[in-house]
Amino acid sequence: MIQIKQLTHLYPRRKRAPFRALSGFSLSIDPHIIFALTGPNGGGKSTLFRILCGLTRPSAGTVWMAGVESVHNPAAARRLLGVVFQHPALDKQLTVLENLRIHAHLHGVDNTTFDQRLRSDLGWSGLEPRLHDRVGTLSGGTARRVELVKALLHRPQILLLDEPTNGLDPGGRRDFMETLLRLRREQGLTVLMTSHLFDEAEQADQVGILHQGTLLAVGTPDGLRSTLGEEMVIIQTRQAEEALALQLILQQHAGLQVIQREQELRISGIDRETLQQLLLHHRERFQSLVIQHPTLEDVFIHHTRVPHREEVLS
């Protein structure tokens, strides 16, 4: 449904070499799946999103959306897309119904079709009691549901979501993702979303990690986690020097993947005997030790070597 080949984008800079936001980015997304793209701030997600929406023309590469080459035919491609931006794109002074009707008219949806589709969408969105309320009076979660209804009024084949749960509380994020999963199932949508929240990415069919303009890893959540083995050991030491010393010791064991950052060590592929020897000879250096199944956050750290912090991700 989405085919991206060798996408590159450069931003010019005065008296300096251009900044390479995307470098040879290639990705294939099958129909009727939810694909979550995650990565650190500045990794290229926003640039990719703008290119897919037709707002930015790439420096090189091709993008195909449901059989339409979108770089040279952006208007045709946009008719296939529904888009929910990271920041709200609703007029707060207008009612919910007025916002939806204007959007439908912009997409050439006639009044009869609009009324039919709206009745259908009110069933899953629960917006009927709020149709005549001004958008400025809505909660963040309700406004997000309005944005989702708006994006689907022209019945797109592909739905693009840029940090769709940004600003929502945990309950609102859960409700939004449940709605998205139901829409994917019932309407056969193909969804590409960006998110820095790993619990959201866990619910996607496939996940990609984008870092410094390059796609580092792609796969199912289970498949990506399995690359780190069945269990991961996380050790907190008292000082960074102790973590570095332990890292050097552990790297002598073939098959171990060890990431050290400041006072923390993340170890995958460790066997019970090695762990017992580590506890026996180096226990005094530990502040804490946790054994857990690898998560998508662990995969993210493994590939980018940076911690997950919401303030540095987008």
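- The only option from I33, L27, L192 that meets the side chain to side chain contact (heavy atoms under 4.5 Å, CB included) definition with Q206 turns out to be I33.
- Remark: T179 engages W124, L148, R182, L183 in a side-chain contact (heavy atoms from CB on, under 4.5 Å) (not counting sequence neighbours).
- Put simply, CG on D30 and CG on D205 are 9.5 Å apart, with the number rounded to the nearest 0.5 Å.
- In summary, D121 and R155 engage in a salt bridge, as defined by a charged side-chain N under 4.0 Å from a carboxylate O.
- Side-chain contact between V71 and R57: present, with at least one pair of heavy atoms (C-beta onward) separated by less than 4.5 Å.
- Counting heavy atoms from C-beta on, the side chains of L180 and Q203 never come closer than 4.5 Å.
- Contacts of R272 classified as salt bridge (charged side-chain N to carboxylate O under 4.0 Å, His left out), with partners at least two apart in sequence or in another chain: E231.
- How far CG of L197 is from CZ of R173: 5.0 Å, rounded to the nearest 0.5 Å.
- In this structure, the separation between CZ on R184 and CE on M177 is 9.5 Å, given to the nearest 0.5 Å.
- Annotation: the span from L48 atom CG to I4 atom CD1 amounts to 5.0 Å, rounded to 0.5 Å.
- A 4.5 Å side-chain heavy-atom check between L153 and H107 finds every atom pair outside the cut-off.
- Between F85 and F49, the ring planes lie perpendicular to each other; the angle is over 60°, past the 30° to 60° tilted range.
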Notebook entry, point to check: When you look at E98 and R101, which way does the salt bridge (charged side-chain N to carboxylate O under 4.0 Å, His left out) test go after all the steps?
Noted result: CA-CA 5 Å; E98 289 168 339; R101 193 177 295 279; over 6 Å; no
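- Hydrophobic clustering (ILVMFWY, side-chain heavy atoms < 4.5 Å, transitive): V218 and L37 are in one cluster.
- With values rounded to the nearest 0.5 angstrom, H196 atom NE2 is found 7.5 Å from T165 atom OG1.
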Would you be so kind as to tabulate the donor-acceptor pairs closer than 3.5 Å made by side chains of residues 281-295, with sequence neighbours excluded?
residue: H281; atom: NE2; partner: Q277; partner atom: OE1; Å: 3.1
residue: R283; atom: NH1; partner: F286; partner atom: O; Å: 3.4
residue: Q292; atom: NE2; partner: D298; partner atom: OD2; Å: 3.2
residue: H293; atom: ND1; partner: E230; partner atom: O; Å: 2.9
residue: T295; atom: OG1; partner: E297; partner atom: N; Å: 3.3
residue: T295; atom: OG1; partner: D298; partner atom: N; Å: 3.3
residue: T295; atom: OG1; partner: D298; partner atom: OD2; Å: 3.2

